[in-house]
Amino acid sequence: MIGGGIIGLVTAWRAAQRGLRTAVADPEPGGGAARVAAGMLAAVTELQYGEQTLLDLNLASANRYPDFAAELTELTGLDTGYRPCGTLAVALDADDRADLRDLHAFQTSLGLHSQWLSGRDCRRLEPLLAPGVRGGLRVDGDHQVDPRRLAAALLRAAELAGVTFLRSAVARVECAGDRVTGALLADGTTVAADRTVLAAGSESGRIAGLPQHVLPPVRPVKGQVLRLRMPAAHGPFLSRTVRAVVRGSHVYLVPRENGELVLGATSEEFGWDTTVTAGGVYELLRDAHELVPGITELPLTETLAGLRPGSPDNAPLLGAAALDGLVLATGHHRNGVLLTPITGDALAEVLVSGELPDYARPFAAGRFGHARQEQTV
Ligand SMILES: Cc1cc2nc3c(=O)[nH]c(=O)nc-3n(C[C@H](O)[C@H](O)[C@H](O)COP(=O)(O)OP(=O)(O)OC[C@H]3O[C@@H](n4cnc5c(N)ncnc54)[C@H](O)[C@@H]3O)c2cc1C
């Protein structure tokens, strides 16, 4: 396994549970984008037009979450922070309201559970919302997990299942003829493997040693996130995730049970830069303040930026790559936390049987390779 982010970890854990000898190479397993991510399990409120196929995978993974989180906790004794709290997506002006109405109609046409609320009903549910909120969508099925705790539990579960951890970066993927045979690590160790899974997140598209046409089309999409602390007294500050689109940018507030309030996130395409900028922090606070004015009173405890592994269609690349012995588990973009349970199941199946399960076929790793070849003909 190249990469021990949540996707590499879940794949390694599930593969080991199925009896495969598994090693993960990563200088910092359990880190990656999950250190930054909000952990919304937002299949319905993240729905975008044209992403209905991804919606099915997202919903299937969301359905697996309660059992998945319970299994991890039972095995490791670690809590993942899974919280079935629901989500409220609100509109702040007439244009937002019209857009949210359209989204509601789209969600309803797909049979999704989403309830339209007036501004007053939104405030009844979340009293700290701004008086200007014009209406919103109540989605009781969109929950949250704490990605840092999830990563810690996955790391422990993988260790308990017998996965070996090699705390070094992969310097180069090793090939012999038309086959991937393992990897050379930065510390000089060579690891031979029958199958090598590329799960290096936003680094997956530039890993050394692979021919250009085999590298997955994955790019880094930067997100800046703030963490604040909610007051312990006076009841819940927010009882569920609250989100909106303000001046075209998504802003969300995810309240954790431990008092942390996660405020995110920017979406920027500047390569592998993870600088927290004054502008990013300013815009997040400005937009969130329009939504919930009281946030400016809260202590700001952390600012951080991470990289989403973006793919051309915002969906993951799963399964056999264009080179024998190489398997992809990458490109999960803004839904990697949500898709963790189903990715683990799908990849373990690929590694054991060689076949992607039906539900994962639309996300087969080769789908862009063909498109690129057709374009060059
Ligand atoms: C700001 C932000 C907010 C987000 N919010 C959400 C959300 O609310 N809900 C949701 O579902 N998803 C969210 N995501 C997306 C989610 O975090 C990612 O899709 C997911 O974490 C990707 O996991 P990964 O394991 O594929 O990649 P990563 O987490 O990037 O992990 C890749 C790992 O590979 C390792 N690596 C890289 N190169 C090498 C190498 N050469 N050799 C060895 N190891 C290597 C790295 O050290 C790292 O540990 C968010 C992401 C960001 C940045």
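Whatever order the structure lists them in is the order used to number ligands and atoms, beginning at 1. Atom set for the values below is all heavy atoms of this structure, side chains included, hydrogens, waters and symmetry mates excluded.
The shortest N or O to N or O distance between Leu338 and ligand 1 is under 3.5 Å. Here's the thing with Arg308: none of its N/O atoms is less than 3.5 angstrom from an N/O atom of ligand 1. At a 3.5 angstrom cut-off on N or O pairs, Gly39 counts as close to ligand 1. By the 3.5 Å distance cut-off applied to N or O atoms, Val225 is not counted among the residues near ligand 1. Considering backbone and side-chain atoms alike, Ala329 places every N or O at 3.5 Å or more from each N or O of ligand 1. In terms of polar-atom proximity, Pro309 is not counted as a contact of ligand 1, lacking any N or O under 3.5 Å from an N or O of the ligand. Taking only nitrogen or oxygen atoms, main chain and side chain alike, Ala265 does not reach within less than 3.5 Å of ligand 1. Checking only distances, Val337 does come within under 3.5 Å of ligand 1, N or O to N or O. Any N or O atom pair closer than 3.5 Å counts here, and Glu203 shares no such pair with ligand 1. The shortest N/O to N/O separation between Gly336 and ligand 1 falls below 3.5 Å.
When all heavy atoms of Leu284 and Val251 are compared, the pair lying nearest together is O-CG2, 4.3 Å. Contact record, Thr87 with Arg240: C-CD, 4.3 Å, taken as the closest heavy-atom pair. Nearest heavy atoms, Ala37 versus Pro147: O-CG, 3.3 Å.
Ranking the protein heavy atoms by distance from atom 35 (C) of ligand 1 puts Asp26 OD2, 3.1 Å first. Among protein heavy atoms, atom 29 (O) of ligand 1 sits closest to Ala33 N, 2.8 Å. Among all non-hydrogen protein atoms, the one lying nearest atom 31 (O) of ligand 1 is Gly5 CA, 3.5 Å. When hydrogens are left out, the protein atom nearest atom 9 (N) of ligand 1 is Met40 O, 2.9 Å; that is the closest non-hydrogen contact. Shortest contact from atom 17 (O) of ligand 1 to any protein heavy atom: Ala37 CB, 3.4 Å. Looking only at protein heavy atoms, the nearest one to atom 39 (C) of ligand 1 is Ala200 CB, 4.2 Å. Protein heavy atom at the shortest distance from atom 34 (O) of ligand 1 is Gly3 CA, 3.3 Å. Shortest contact from atom 42 (N) of ligand 1 to any protein heavy atom: Val170 N, 2.8 Å.
Arg219 forms no cation-pi arrangement with Phe270, by the criterion of a distance under 6.0 Å to the ring centre and an angle within 45° of the ring axis. For the pair Arg206 and Trp272, the cation-pi test (distance below 6.0 Å, angle within 45°) is passed.
For the residue pair Gln224/Thr277, the side-chain donor-acceptor check at 3.5 Å is satisfied. Of the N and O atoms on the side chains of Thr343 and His332, at least one donor lies less than 3.5 Å from an acceptor on the other residue. Judged purely by distance below 3.5 Å, without hydrogens or angles, the side chains of Ser311 and Asp313 pair a donor atom with an acceptor atom.
Salt bridge annotation for Asp345-Arg14: present, with a cationic side-chain nitrogen under 4.0 angstrom from a carboxylate oxygen. Note on Glu28 versus Arg35: no salt bridge recorded, every NZ/NE/NH1/NH2 to OD/OE distance being 4.0 Å or above. Salt-bridge annotation for Arg229 and Glu297: absent, with no side-chain N of the basic residue lying under 4.0 Å from a carboxylate O of the acidic one. Here Arg308 does not pair with Glu269 in a salt bridge; the nearest charged N to carboxylate O distance is not below 4.0 Å.
Under 4.0 Å from ligand 1, the heavy atoms of His333 that appear belong solely to its backbone. At a heavy-atom distance under 4.0 Å, atoms from both the backbone and the side chain of Ala38 approach ligand 1. Residue contacts with ligand 1 for Val221 are absent, since no atom lies close enough (heavy atoms, distance under 4.0 Å). Contacts with ligand 1 closer than 4.0 Å are made by no heavy atom of Lys222, backbone or side chain.
Residue Ile7 has at least one heavy-atom neighbour below 4.0 Å for each of these atoms of ligand 1: 23 (O), 24 (P), 25 (O), 26 (O). Counting atoms of ligand 1 from 1 in the listed order, those under 4.0 Å from a heavy atom of Asn335 are 10 (C), 11 (O), 12 (N). Residue-ligand proximity, Gly223 to ligand 1, at heavy-atom distances under 4.0 Å covers atoms 1 (C). For ligand 1 and Ala169, the ligand atoms under 4.0 Å from any heavy atom of the residue are 42 (N), 43 (C).
Using a 4.0 Å heavy-atom cutoff, Gly264 is absent from the residues neighbouring ligand 1.
Residue Arg334 holds the heavy atom nearest to atom 12 (N) of ligand 1 of all those in Arg206, Arg334, Arg243.
The distance from atom CE of Met1 to atom OG1 of Thr11, rounded to the nearest 0.5 Å, is 5.0 Å.
When side chains are defined from C-beta on, Tyr82 does not count as touching Thr73, because their heavy atoms never get closer than 4.5 Å. Considering only heavy atoms from C-beta on, Pro255 comes within 4.5 Å of Arg83 through its side chain.
Exactly one residue among Leu72, Val163, Leu160, Thr22 makes a side chain to side chain contact (heavy atoms under 4.5 Å, CB included) with Trp13. That residue is Leu72.
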